[in-house]
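Beneath this line is the structure, given in structure tokens, with notes to follow.
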Amino acid sequence: MVKRDNAVDLVGLLSVEGQDLAASWVGEVTGSLGGRVGAAELNRELRELYEALVEALRKGATDVHSEHMSEVRAHLTELSRNRARQGFSPSETAVSVFALKRVLEPVLEKGTADEIRAYLRLARILDSLGLFTIETYTQTRDELITAQAEQLLELSTPVVRLWDGVIAVPLVGTLDSARTQVVMEKLLQALVDTGSEQAIIDITGVPAVDTQVAQHLLKTIVAARLMGAECTVSGISPQIAQTIVALGIEFDGIVTKASLADALKLALRRSGVDLVAHTGAQR
Amino acid sequence: MTAPWTADEEPQVYAVERSGDLVHVRQAIRALAQRCGLSLVDQTKMITAASELARNTLTYGGGGTVRAGLVSANSRRGVGAVFEDTGPGIPDVEQAMTDGWTSGGGLGLGLSGAKRLVDDFRLRTAPGEGTAVTIIKWAR
Ligand SMILES: Nc1ncnc2c1ncn2[C@@H]1O[C@H](COP(=O)(O)OP(=O)(O)OP(=O)(O)O)[C@@H](O)[C@H]1O
Ligand SMILES: [Mg+2]
């Protein structure tokens, strides 16, 4: 009984005879977004949300996680996702919800005690809706970042052909498991595609080699060997060399060179290419 | 047991819930190591040790947290980090600390190697309760 009365109060606040509160809301939000969302789109977004909210309150929803709020949550999710993709900030996203509180504020001055109490209850619900948009916004941002990281993963692992039969992969940055895996698969594929028998893995740009990275390196080298190719690891900095030794990783039987240039010289020699310096070319 | 955190310097807490979090941990440790003035070799050792322990927290501990910050004792400064999880714990610590012993197809060098990479290494674990590893690298 009490619950139904509450519901009526809240709905009553949002449906005042002769007043288009949704329009005032749209107006308020338009101002805060500085015209960066199309007027028609914003109008549609907020009116649908408004209707869903009134409907949910009519059914007695008391906070954002109520069963009756599922439609509202769907609209809020869409709104938050759009804002995140369009590059708005979290506050610019949440303010769309909070603006509705401001639209209803006149009730505080002119309303009855019951209406004021209803306003406060509705305000609390709107707060939870606002927080929900921030959570969804953050989630969407995280997804975007992950997607970009994956793209970067693809971009940042070139396998280059240095010479006939010699390929190299320069590793740069932090090597996590996913990235190392991608690089190593690409390297093995490139061995097949180019018919190369010499591969150089250059780790000059890698800040740290831990057991997982080492394990990936070792596995790749063994796999390359099985494919009839030889690998050289180049660019092991003094600090990484000392760390590898302290960790206890054994690079036994693996050819390492200080620089990519040295590794290339070795690979060429192994492929039977002679490098001859011309005396005349020195000048 | 916790690290002797430097007064006025609250250690930061980092979540270790997915593999992407390991990148943040390494970056945080690197920033601390640089602020503390560790040599390049010591920076790399500390970052690598942190990478090992954080991965164990994730893989075997089922996720947890890393608390990292500057530490000081006897007018020395250093970088400290505590890796904590509420996972299954390590039933046989001596075995786990043995070079090459792994329960999961790794190289089995993470724990023992991390110990060699840092100056202080403390491991606390209880079956069914979890594991906490504290490491410190002092500036020279
Ligand atoms: N936080 C933890 N919780 C439970 N068990 C752990 C934890 N950390 C390590 N262990 C156990 O100790 C073993 C040894 O760990 P260690 O890090 O030395 O090797 P690993 O992780 O198996 O291989 P890697 O050389 O790749 O690190 C693990 O295989 C695991 O069984
Ligand atoms: Mg490990």
Side-chain angles (χ1 to χ4, degrees), chain A residues 135 138-139 141-153 156 171-183 203-222 235-254, chain B residues 15-31 33-34 38-60 83 96-102 104-119 121 135 137 140:
Chain A
E135 264 164 40
T138 314
Q139 238 172 39
R141 267 303 170 91
D142 280 352
E143 284 164 20
L144 286 177
I145 292 169
T146 312
Q148 282 167 353
E150 269 162 25
Q151 285 167 5
L152 212 59
L153 201 77
S156 59
L171 298 180
V172 177
T174 314
L175 290 179
D176 55 24
S177 176
R179 185 148 167 250
T180 317
Q181 190 86 27
V182 170
V183 176
I203 62 167
T204 307
V206 176
V209 172
D210 62 12
T211 57
Q212 198 179 39
V213 172
Q215 206 180 7
H216 281 301
L217 278 175
L218 294 171
K219 278 185 181 158
T220 308
I221 291 167
V222 172
I236 301 182
S237 61
Q239 60 271 20
I240 287 191
Q242 292 181 54
T243 305
I244 287 176
V245 171
L247 260 181
I249 299 169
E250 290 179 13
F251 267 25
D252 290 359
I254 289 165
Chain B
V16 181
E17 297 299 336
R18 37 194 161 155
S19 66
D21 292 340
L22 302 182
V23 179
H24 298 144
V25 171
R26 282 194 291 262
Q27 278 166 354
I29 299 287
R30 173 182 305 279
Q34 284 170 351
L38 295 190
S39 70
L40 198 50
V41 174
D42 286 349
Q43 282 180 33
T44 309
K45 286 183 174 177
M46 183 67 185
I47 294 164
T48 308
S51 185
E52 293 301 337
L53 297 173
R55 187 173 311 101
N56 284 352
T57 300
L58 182 67
T59 314
Y60 304 109
F83 304 78
M97 290 297 299
T98 307
D99 273 1
W101 191 86
T102 173
L107 292 176
L109 292 170
L111 275 179
S112 50
K115 182 172 184 186
R116 285 188 292 266
L117 288 171
V118 298
D119 298 318
F121 181 99
I135 57 171
K137 190 92 191 160
R140 261 161 251 286

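Source: prediction; values computed, not measured. Every chain is numbered from 1 and lettered A, B, ... according to where its sequence line falls, protein lines coming before strand lines.
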Please find the pair of heavy atoms, one from [X] and one from [Y], that lie closest to each other, and give the distance.
X	Y	answer
Ala208(A)	Ile47(B)	CB-CG2, 4.3 Å
Leu117(B)	Ala246(A)	CD2-CB, 3.4 Å
Val209(A)	Thr48(B)	O-CG2, 3.5 Å
Thr211(A)	Leu107(B)	O-CD1, 3.6 Å

Please check: side-chain N/O of Gln239(A) versus main-chain N/O of Gln43(B), any donor-acceptor pairing under 3.5 Å?
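No; zero donor-acceptor contacts below 3.5 Å.
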Can a donor-acceptor pair be found, under 3.5 Å and without considering hydrogens, that links the side chain of Gln215(A) to the backbone of Gly105(B)?
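Yes: the side chain of Gln215(A) pairs with the backbone of Gly105(B).
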Please classify the contact between Leu22(B) and chain A as side chain, backbone, both or neither, with a heavy-atom cut-off of under 4.5 Å.
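Neither; nothing under 4.5 Å.
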Under 4.5 Å heavy-atom distance to chain A, tell me which part of Ala49(B) shows up: side chain, backbone, both or neither.
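Neither part.
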Got a second to check how far Asp99(B)'s CG is from Leu247(A)'s CG, nearest 0.5 Å?
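Asp99(B) atom CG to Leu247(A) atom CG measures 9.5 Å (nearest 0.5 Å).
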Highest number of heavy-atom pairs under 4.5 Å with chain A: which of Arg116(B), Lys115(B), Arg55(B)?
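With the most close heavy-atom pairs to chain A, the winner is Arg55(B).
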